[in-house]
Amino acid sequence: MTDSKIVNWTAADNAMVEDAIRRGASRRDLLKMMMAGGIATSVGGTILGRAMSAVAATPVSGGHLKAVGYSSSNADTLDPAKASLSTDYVRCCSLYNRLTFLDKSGFPQFELAESIDTKDALEWTVTLRKGVQFHDGKTLDADDVVYSLKRHLDPAVGSKVAKIAKQMSDVKAIDPRTVQITLTSANADLPTILAMHHFMIVPNGTTDFSKGVGTGAFKLETFEPGVRSIMKKNTNYFKSQGAHVDSFEFFGIPDENARVNALLSGDIHLITIGPRSIRLVENRPDVVVQKTMSGAYTNLNVRLDMAPGNQKDFVDGLKYLINREQILKAALRGVGSIANDQPISPINPYCNTELKPKAYDPDKAKHLLQKAGVMGQTLPVVASEAADVSIDMAMILQQSASEIGMKLDVQRVPADGYWDNYWLKAPIHFGNINPRPTADLLFSLFYAGDAAWNESRFKSERFDKLLVEARAELDNAKRKEIYGEMQGLVSENAGTIIPTYMANVAAHSRKLNGLEPNPLGGMMGYAFAEYVWLEG
């Protein structure tokens with residue numbers, strides 16, 4: 001056998017291998033076939049690996065995709081402005097499009113926009129793609145974009161990003177394909193902001209979202225809030241590739257064991273899981289586990305405007321009582337990194353690496369909690385499966401508290417309705433925050449004084465002033481310095497205790513291909529249905 005045989009491996013030979021793989025041939029079968037053709041085992045194995053990789057990377061059309069998220073609610077919505085759960089984001093990404101989207105490196109790319117231009121980061125000109133059609137046949141134009149963006153400014157809509165959209169002081173159509181956006185102050189992050197799930201584009205004048213009419217890769221067939229969604233491929237999609245699967249079904253299963261069992265039984269192609277379930281699936285030959293550091297986190301929220309969080313000594317005491325190392329090891333099974341009570345993770349270029357987390361110090365914690373006068377009380381801490389690993393985190397905290405003579409009553413509540421009934425409301429409760437692509441978005445959504453999702457009711461005039469300054473600062477070094485100070489203000493003064501940053505963990509059937517990480521969250525930033533395909 002000579003090296004010339006490798007060179008003479010032809011396209012016809014490769015096609016033969018691809019056909020055999022598609023018909024279900026095993027690796028052993030293929031090696032026998034190659035050796036019969038005069039290819040040595042070592043060389044055949046190399047070629048086989050290349051061939052199998054090439055086939056796996058080649059999208060296949062057809063099939064019904066079934067995927068499961070960890071949450072669902074009767075408040076599930078098809079209105080992108082009101083989306084607040086991952087299941088909402090998945091549906092919106094399937095039915096609608098944004099002006100921009102983020103690639104796996106976190107850089108904004110054009111989607112419905114053909115170009116976005118500015119000279120001063122204050123006034124922006126958006127040029128739309130030609131010939132894009134909504135599911136009902138209407139052609140996308142500038143009026144649709146103006147309407148979609150201005151909806152967020154209407155209090156009656158109840159947009160989850162109303163405070164972010166407020167910086168758009170004027171949005172107007174210049175001609176059918178051109179939109180001008182004027183900001184209240186310069187913000188170089190606008191193209192990234194427009195990639196958020198909430199800024200999906202809907203037809204001008206839409207008030208009834210029950211039909212999910214968008215420009216997206218799928219058309220809505222069935223939507224049952226809190227139950228399931230079924231969609232079919234949009235054969236008139238403006239992207240030449242289009243979705244690979246013929247249809248797509250998505251629903252939520254709050255119980256993690258039930259999600260895992262659904263995957264292992266072959267009923268589901270893709271699920272999200274927590275770290276504790278990795279061991280159940282990682283050695284299964286028919287399952288692939290994908291771990292992606294993303295900056296997501298589960299945090300303990302202490303309302304600063306309610307007792308006992310209105311005493312700083314109480315909040316500081318909890319921060320010293322949080323055993324971050326144990327949470328990382330036991331609750332997250334090591335899949336994450338230590339955090340320092342602020343939301344900008346090490347994968348973000350603006351992370352303040354000099355800001356150290358508070359060390360686990362039971363004696364210091366006890367001293368501060370005694371000053372706060374809470375040692376003789378029993379304090380409720382609300383946790384739920386809805387907030388990933390929050391129950392494990394709560395139990396670890398409860399054990400640490402008992403060792404210093406403090407009583408914490410961990411109230412485990414159902415996942416269904418958690419985000420409506422407990423998050424942002426209970427004096428001490430857990431949150432679970434999906435990744436956001438910029439520091440500005442994290443701070444604007446969760447820490448600005450007027451933010452709807454300000455989890456601990458943190459208020460700081462200095463912080464709000466720096467938030468505006470950072471948006472307009474085009475010097476990257478100065479911007480990083482500003483964000484560094486803001487991280488310090490949050491870490492020291494907010495009531496959001498963030499012990500660890502988490503990795504997104506997905507588990508999927510080996511039949512599913514094409515899944516890649518994305519900075520907007522798990523499941524390819526919840527847009528996976530458009531890009532993945534099914535083998536076999």
Side-chain angles (χ1 to χ4, degrees), residues 58-67 69 76-81 83 86-103 109-114 128-145 147-148 176-177 194-206 208-225 228-251 269-270 512-516 518 520 523-534:
T58 303
V60 175
S61 296
H64 179 66
L65 172 65
K66 296 180 70 175
D76 285 353
T77 181
L78 297 179
D79 182 347
S86 59
T87 42
D88 290 337
Y89 298 151
V90 168
R91 285 186 296 270
C92 288
C93 287
S94 303
L95 297 170
Y96 311 105
N97 295 103
R98 294 154 278 189
L99 293 172
T100 62
F101 71 96
L102 298 186
D103 62 21
Q109 305 292 337
F110 298 129
E111 193 163 51
L112 291 179
E114 185 177 273
L128 301 177
R129 290 183 182 273
K130 293 180 180 178
V132 177
Q133 289 189 340
F134 287 98
H135 298 154
D136 60 3
K138 178 190 178 302
T139 300
L140 171 75
D141 61 29
D143 290 336
D144 301 310
V145 175
Y147 175 76
S148 299
R177 288 186 55 223
L194 294 174
M196 291 181 64
H197 303 104
H198 304 86
F199 290 112
M200 301 281 181
I201 304 303
V202 301
N204 183 22
T206 301
D208 178 8
F209 287 86
S210 62
K211 296 182 180 179
V213 176
T215 58
F218 293 88
K219 292 183 177 182
L220 184 68
E221 289 285 314
T222 301
F223 174 51
E224 302 173 67
R228 63 172 182 167
S229 304
I230 300 176
M231 307 173 198
K232 288 193 175 180
K233 180 177 180 177
N234 177 12
T235 57
N236 194 35
Y237 195 36
F238 70 93
K239 296 182 185 179
S240 58
Q241 178 63 66
H244 303 299
V245 297
D246 291 334
S247 54
F248 165 49
E249 184 174 352
F250 191 78
F251 50 96
H269 297 109
L270 172 65
L512 185 143
N513 290 276
L515 193 70
E516 295 183 342
N518 186 280
L520 277 181
M523 296 182 164
M524 294 185 74
Y526 308 108
F528 66 97
E530 178 179 343
Y531 302 103
V532 300
W533 64 91
L534 299 174

Got a second to check how far [X]'s [atom1] is from [Y]'s [atom2], nearest 0.5 Å?
{"X": "S247", "Y": "I230", "atom1": "OG", "atom2": "CD1", "result": "8.0 Å"}
{"X": "T235", "Y": "D246", "atom1": "OG1", "atom2": "CG", "result": "10.5 Å"}
{"X": "M523", "Y": "L515", "atom1": "CE", "atom2": "CG", "result": "8.0 Å"}
{"X": "E530", "Y": "F101", "atom1": "CD", "atom2": "CZ", "result": "8.5 Å"}
{"X": "K219", "Y": "S94", "atom1": "NZ", "atom2": "OG", "result": "15.0 Å"}
{"X": "E249", "Y": "T222", "atom1": "CD", "atom2": "OG1", "result": "8.5 Å"}

Side chains of [X] and [Y]: does their closest heavy-atom pair fall under 4.5 Å?
{"X": "F528", "Y": "L512", "result": "no"}
{"X": "Y531", "Y": "E516", "result": "no"}
{"X": "V202", "Y": "D79", "result": "no"}
{"X": "K211", "Y": "H135", "result": "no"}
{"X": "L128", "Y": "L99", "result": "yes"}
{"X": "F218", "Y": "V245", "result": "yes"}
{"X": "V532", "Y": "H269", "result": "no"}
{"X": "E111", "Y": "K239", "result": "yes"}

Considering non-hydrogen atoms only, spot the tightest contact between [X] and [Y] and give its length.
{"X": "M231", "Y": "L95", "answer": "SD-CD2, 3.9 Å"}
{"X": "P203", "Y": "V213", "answer": "CD-O, 3.4 Å"}
{"X": "R91", "Y": "S229", "answer": "CD-OG, 2.9 Å"}
{"X": "G525", "Y": "C93", "answer": "O-SG, 3.9 Å"}
{"X": "A83", "Y": "C92", "answer": "CB-SG, 4.4 Å"}

For this session: Apply the test side chain to side chain contact (heavy atoms under 4.5 Å, CB included) to residues L112 and R129: give CA-CA distance (whole Å), side-chain angles for both, the deciding distance (0.1 Å), then the verdict.
Result: CA-CA 6 Å; L112 291 179; R129 290 183 182 273; 5.5 Å; no

Exercise. Backbone N or O of Y147 within a donor-acceptor pair of the D144 side chain at under 3.5 Å?
Worked result: no

For this session: Answer yes or no: is there a donor N or O on one side and an acceptor on the other, between the side chain of R228 and the main chain of F251, under 3.5 Å?
Result: no

For this session: Verify the distance criterion only: is there a donor paired with an acceptor across the side chains of D208 and S210 at less than 3.5 Å?
Result: yes

For this session: Please work out whether the ring planes of W533 and H244 are parallel, tilted or perpendicular, with thresholds of 30° and 60°.
Result: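 Because their plane-to-plane angle is over 60°, the rings of W533 and H244 count as perpendicular.
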
Problem set entry | Parallel, tilted or perpendicular, as decided by the 30° and 60° cut-offs, for the rings of Y526 and Y89 | tilted

Problem set entry | F223-F209 aromatic ring centre distance below 6.0 Å |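 No - the distance between ring centres of F223 and F209 does not fall below the 6.0 Å cut-off.
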
For this session: Sort out for me which residue in N234, T139, T215, L140 forms a side chain to side chain contact (heavy atoms under 4.5 Å, CB included) with Q133.
Result: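 Only one option passes, and that is T139.
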
Problem set entry | From CA spacing to verdict: side chain to side chain contact (heavy atoms under 4.5 Å, CB included), M196, R98 | CA-CA 8 Å; M196 291 181 64; R98 294 154 278 189; over 6 Å; no

Problem set entry | side chain to side chain contact (heavy atoms under 4.5 Å, CB included) between S148 and M200, intermediate numbers included | CA-CA 7 Å; S148 299; M200 301 281 181; over 6 Å; no

For this session: Evaluate whether atom NZ of K138 has more than 12 neighbouring non-hydrogen atoms of other residues, nucleotides or ligands under 6.0 angstrom away.
Result: yes

Exercise. Got a sec: does the NZ of K232 have more than 12 other heavy atoms crowding it under 6.0 Å?
Worked result: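 No, the 6.0 Å shell around NZ holds no more than 12 heavy atoms from other groups.
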
Exercise. Going through the distances and angles, do Y96 and L78 end up as a side chain to side chain contact (heavy atoms under 4.5 Å, CB included)?
Worked result: CA-CA 10 Å; Y96 311 105; L78 297 179; 4.1 Å; yes

